[in-house]
Every structure is written in C-alpha cells, then in structure tokens.
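Notes follow once the structure below has been shown.
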Number of protein chains: 2
Amino acid sequence: MEPRRAEIIADTLEGMILDGTFADGARLDEVQLAARFKVSRTPIREAFQRLALSGLVEQIPRRGVFVRQPGPVELIEMFEVMAGMEAICARLAARRISDRALAEMRNVNARCQQAVQAGDTDLYYRENESFHHMLYRQSGNGFLEQECLRLHRRLKPFRRLQLRLRGRLGQSMAEHEAVVDALADGDEARAAEAIHAHVAVQGEKFHHLMASLKPAAE
Amino acid sequence: MEPRRAEIIADTLEGMILDGTFADGARLDEVQLAARFKVSRTPIREAFQRLALSGLVEQIPRRGVFVRQPGPVELIEMFEVMAGMEAICARLAARRISDRALAEMRNVNARCQQAVQAGDTDLYYRENESFHHMLYRQSGNGFLEQECLRLHRRLKPFRRLQLRLRGRLGQSMAEHEAVVDALADGDEARAAEAIHAHVAVQGEKFHHLMASLKPAAE
DNA sequence: GATGTCGTTCTTGTATACAAAAACGTTGAC
DNA sequence: GTCAACGTTTTTGTATACAAGAACGACATC
C-alpha cells in the first residue's frame, strides 16, 4: 500500500472539481468521499486543506467545504494576472534567453503548427503548454516560474474550453511566433506586450464564450 | 474552547518560522509541538499542510517537515516578482483610480512622513503597508489584490529587517510620492516603473545587508 | 397560524489507537 | 577494524473513537 494517499486524493478531487463533476457551491461530504475512496476521513480532510489553499474550495469552520468555481469576473481577473505575470517572464527572458532555448521554442512552435494543420487539438494543447512553460523557465527566476506554473495549472480547464473556438488555434500560433521573434531581438517591451495580449485575449474570448452560452442568465 | 485550533497553530508556527525561532532545515517534530501546544498531533499536522502550501516548510513523505528559509537568491527572486506584480497593480490603478483614493493615498504618505520625522519605525511600517495595500486594491482586480497580499505577507519579515537601514525611510517616502504623482497623471508606464524600482530595490538592499552580515560565508 | 425554544441528529474538529516505513544501533562476519 | 545485515525504536500516515457545535424538526406558546 502506497503512502501519501491524501495527496493522490487531493489531485483526484482537484480534477473532479475542475472538470465540473461538482457544481459550484456544492458541499463536499467527508464521509461520503471517504467511502468513495475507500479511506477514512483523515486523508480526505488533508486533501481538503490543499484544495482550500489552492482556492478551489472554501472551508467554512464547523460548516464544511464548498466548491468555489470562479465566476466570469474572477476568470477575467485571473487571466489578466496570468497575462501580467507572463509579461514579466518575457521581459526577463528577453534579456537572458540563450540561442539554444530560442531554437527549442521555435521547435515547439513548429510542432504546434503541425498539430494545427493536423487538427490535433490535444497535441496542440500539449505543445502550447510546453511553450508557456519554457517561457517561465527562461525568465531565469525560479520563484516566478513556480508561481506562473501554479496559476497556469489553475486556468488549465478554462483554456482548454476556449481552445475549441474556430480559428483561434492559427491566430494563437502567430502570436507565439511574435513572442519568440521579440525575444530573439532582445526587445523586452515588445515581448512583454506580445505575450500579454496573447494571454489576456484568452480570458476575453472565454468571457464571450460564457456570455453566448447563457445569454439571459440573471 | 474555540474551534479551528489548527488554524491558530498554523499562524503561530508561521510567525515562529518567520521570526527565526526555527533555523533553516530544522525538523518540526509533531509530538514535540503537540505537547507544546497542548493538543494532539492532528491539528499540528493540519497546520503543517498550510505551511507547506505557503512554502515555509517542505514536507518530505515519510520523513517529516523541515523549515525552508529562502536563501539570498530566492529572496531576490521573490522581491523581483513582488515588484513585477505591484507594477501590474500600478498600471491598472493608473487607469481606474479615483480622486477619492488618490487623496487617501496622499494622506497615508503624509502620516508616513510624520512617522519618519518622529523616528517611529513601527508606525512607518504600518502606514507603508497601508500604502501598498491600497495600491493593490486600486488595481480593481480582486484576484490580483489577493495574490499581492499573499506575497506581501510572505516577504513581511524581510522587509522589516531592511527598513532599519539608514536613510532608507526618507528615500522610500519620496518613491511613494513619485508613484502617487504618476497615478494622478494617469501615466501607466511611469507609475509601473516607479513602484517596480521601489520594491525591487528592497530586495537588493536586503541582499547587500545579508552579504555584509556574513562576508566570508561559503 | 406563526414564532420561538428545546431536543435530536448530523457533521465537523480533535484525540487516540494502530500500521508501516524509515532511522538507528547492535551484532556478527570477513 | 570495517562493513553489512538484522532487529529495535522512532516517526509518519491512516483509521477509529470521542466531543462539541450546527442544522433540523417537533412542540409549546402567543
């Protein structure tokens, strides 16, 4: 029997929350989940703590934990912050990036392009993720990298959703290229602006998507 | 007896780690702390989880938790990120800030100035904190505000240390004024640059301070 | 009939008991 | 004398038992 089952449960629950298994505001029942995972309440509670710190659930003392899906406004805000942070990465990377890393980024973009033409959204998604992760790494700031990864991970399901939009894949690719070009030129401002626009537009697109899905809600 | 003792313990432990009660790399003993806080191991373990997620301790499976003080490099990195995030706040605030809020910020600065002249570092510290918190708020982005508060809180003890440096208080004040002026002008770039320099310099000062304290270490 | 209060039940928070893995020391062989 | 293997001890991870607060409902009172 493996140790640290709480960790596995936390990841599983996180996935379930993010993919919409639990609705917003739903209460996560300790005993129910304990039975479902075939463990005692203890690992479940440990998992809850992690989720609460990630902001996926809210822990109300003596009341329980409730899933807390970000609303449209908060999502926009999160994408705005993501854009800002990636812009910081770009600024730093523009100064420090090596030719080796630049070549690698162009490589990733090329594979991304292939995925677009092949219509393979999953592959596109993976390569797209690689691109951003490389940018974080190339900032040369380990702490910044970790913070970016955290937020990037949190936004994952929403990015995924909006990638289905028509024509967005090709445009997104072009934006990636623009970023790499700016990095190659060592142009901090242009790199920052390019990546900021690239990320922020995702939040806006998502917003539009949401609005179109439930037009008369509230 | 109040509920949620784990939370109180977490905060207490956080304070103890930050003020240097525990050395870097020290192992936090569950049973020992349980005895010390007159509770069982359960709340201690819950507190550990929180600390681990904040990055103050490292949890190694089946080994225990170890305090993880950031080294000079990581500190510089963290201040760099803080600077970047506050710059984002400044950019957003420059567009959205109201005259009402601007007046309030000038007020805070005035009180700060008084504290400098009175040599009251504690008051200075509180007002200084208010200034930054107001900036976060004025970004108009609640998520960004929360993230900034998180990092700001984490850097608290290190800021406090470096505030003792001679002449820094007066200079810091002038920088605050420059930020408010830029905000008043609605000059995004200047506001961002001003606050970035203001924050980043703290990390550097701290670095110098550390270097001067242990000149021949390593 | 509505409302407030009391009691039951359910759920969370904490303590304790148990299991398993890792650290440590001891002992034995080379 | 050194090194390795085994057993003991300590410590973490999990389960279960217990305590206390909150939700819910019934009953009484106005």
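Residue numbers begin at 1 in each chain, while the letters A, B, ... track the order of the sequences. This is a predicted model, so every value here is computed, not measured.
The stretch residues 49-60 of chain A has no heavy atom under 4.0 Å from DNA chain D, so no residue of it qualifies as close. Using a 4.0 Å cut-off on heavy atoms, the residues of residues 38-47 of chain A that approach DNA chain D are A:V39, A:S40, A:R41, A:T42, A:P43, listed by number.
Look at B:R150 and B:E147 and you find a salt bridge, because one of the NZ, NE, NH1 or NH2 atoms lies within 4.0 Å of a carboxylate O, short of that distance.
Atom CD of B:Q32 is separated from atom C1' of D:dT12 by 15 Å (rounded to the nearest Å). If you measure from atom CZ of B:F37 to atom C1' of C:dG13, you get 17 Å, rounded to the nearest angstrom. The separation between B:E30 atom CD and C:dT14 atom C1' is 15 Å, rounded to whole Å. Atom CZ in A:F66 sits about 8 Å away from atom P in C:dT12, given to the nearest Å. When the P atom of C:dT11 is taken as reference, atom CZ of A:R27 falls 6 Å away, rounded to whole Å.
Legend: residues meeting salt bridge (Lys or Arg N to Asp or Glu O under 4.0 Å) with B:E7, ordered by chain and number and at least two apart, are B:R4. When the side chain to side chain contact (heavy atoms under 4.5 Å, CB included) test is applied to A:Q32, the partners found at least two apart in sequence or on another chain are A:D29. Partners of B:L53 by side chain to side chain contact (heavy atoms under 4.5 Å, CB included), not counting sequence neighbours, listed by chain and number: A:R50, A:L53. In this structure, the side chain to side chain contact (heavy atoms under 4.5 Å, CB included) partners of A:S54, at least two apart in sequence or on a different chain, are A:L56. Residues that satisfy the side chain to side chain contact (heavy atoms under 4.5 Å, CB included) test with B:R106, not counting sequence neighbours, are B:E177, B:V180, B:D181, B:A184. Applying the salt bridge (Lys or Arg N to Asp or Glu O under 4.0 Å) test to B:E30 and every residue at least two apart in sequence or in another chain returns B:R41, B:R45.
Under the 30°/60° scheme for interplanar angles, the aromatic rings of B:H132 and B:H198 are found to lie parallel.
One N or O on the side chain of A:Q69 and one on the backbone of A:I17 form a donor-acceptor pair closer than 3.5 Å.
Within a 6.0 Å radius of CG in B:D19, other residues, nucleotides and ligands contribute more than 12 heavy atoms.
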Between A:E14 and A:R153, is a salt bridge (charged side-chain N to carboxylate O under 4.0 Å, His left out) present by the stated rule, with each step listed? CA-CA 11 Å; A:E14 180 176 325; A:R153 185 167 147 71; 2.9 Å; yes
Below 3.5 Å is the cut-off: list the nitrogen or oxygen pairs between protein and nucleotides 22-24 of chain C, distance only.
from	atom 1	to	atom 2	distance (Å)
C:dA23	OP1	B:R63	NE	2.7
C:dA23	OP1	B:R63	NH1	2.9
C:dA23	OP1	B:R63	NH2	3.3

So which protein N/O to nucleotides 6-10 of chain C N/O distances come out below 3.5 Å?
none

Give the table of side-chain donor-acceptor pairs shorter than 3.5 Å for residues 137-145 of chain B, with sequence neighbours excluded, one pair per line with atom names and distance.
from	atom 1	to	atom 2	distance (Å)
B:R137	NE	B:E145	OE1	3.3
B:R137	NE	B:E145	OE2	2.8
B:R137	NH2	B:E145	OE2	3.1
B:S139	OG	B:Y136	O	2.7
B:S139	OG	B:N141	N	3.1
B:N141	OD1	B:F143	N	3.0
B:N141	OD1	B:L144	N	2.9
B:N141	ND2	A:E77	O	3.2

Atom pairs and distances, donor-acceptor, side-chain atoms in residues 108-116 of chain A, under 3.5 Å, two or more places apart:
from	atom 1	to	atom 2	distance (Å)
A:N109	OD1	A:H176	ND1	3.3
A:R111	NE	A:E127	OE1	3.3
A:R111	NE	A:E127	OE2	3.3

